[in-house]
Amino acid sequence: MRVMANSRLAGGATLEQLTRFFDQNGFSSAVWDLVRHRVVTHYWLKVGDVPGVVLFMEVDSPETASEIVTGLPAVQQGLLTFEADQLGMSL
């Protein structure tokens, strides 16, 4: 099933902290492993009023996607939170 994991800044985190984190770390090896194993099929950096990351995932359920993103370094560092939504067919 396709799931979109859409992130927002975590409570108390700032755009400057998130920018510094990605400048210093880039995408983690955990994310690249998800891409390599085709769990994450597409990813985008969000700009504008709600910065963050959007991950399009192939997983069993939105709950599985939530479990996966909870382990990502930016989430563990308290910089991002994710919401996972199941996607339907494209028109």
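Heavy atoms only, all atoms of each residue included: Ser7 and Val53 are closest at OG-N, 2.6 Å. What you find for Val40 and Met57 is that their closest heavy atoms are CG2-CG, 4.2 Å.
Note on Val75: it clusters hydrophobically with Leu45, by side-chain heavy-atom contacts below 4.5 Å among ILVMFWY residues. The hydrophobic cluster containing Val39 also contains Met1, counting ILVMFWY residues as joined when their side-chain heavy atoms lie under 4.5 angstrom apart, directly or transitively. Under the 4.5 Å side-chain heavy-atom criterion for ILVMFWY residues, no single connected hydrophobic cluster contains both Leu55 and Leu87. Connection of Val54 to Leu80 is not established within any shared hydrophobic cluster, with ILVMFWY side chains joined at heavy-atom distances below 4.5 Å, either directly or through further cluster members.
With values rounded to the nearest 0.5 angstrom, Leu34 atom CG is found 11.0 Å from Thr41 atom OG1. Here CD of Glu83 is found 7.5 Å from CZ of Arg8. Values are rounded to the nearest 0.5 Å. The structure places OG of Ser28 at 8.0 Å from CG of Asp33, a figure rounded to the nearest 0.5 Å. Atom NZ in Lys46 sits 9.0 Å away from atom CG in Leu9 (nearest 0.5 Å). Atom CZ of Arg2 is separated from atom CD of Glu58 by 5.0 Å, given to the nearest 0.5 angstrom.
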Let me have the donor-acceptor pairs involving side chains of residues 62-73, under 3.5 Å, with sequence neighbours excluded, atom names and distances please.
residue	atom	partner	partner atom	Å
Glu63	OE1	Ser61	OG	3.2
Thr64	OG1	Ser61	OG	3.1
Ser66	OG	Pro62	O	3.2
Thr70	OG1	Ser66	O	2.7

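For the ring-ring contact (aromatic ring centres under 6.0 Å, His included) condition, the pairs that include at least one residue of residues 3-25, sequence neighbours left out, are Phe22-Phe27.
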So Tyr43 and Val35, side chain to side chain contact (heavy atoms under 4.5 Å, CB included) or not? Walk me through it. CA-CA 9 Å; Tyr43 55 91; Val35 171; 4.0 Å; yes

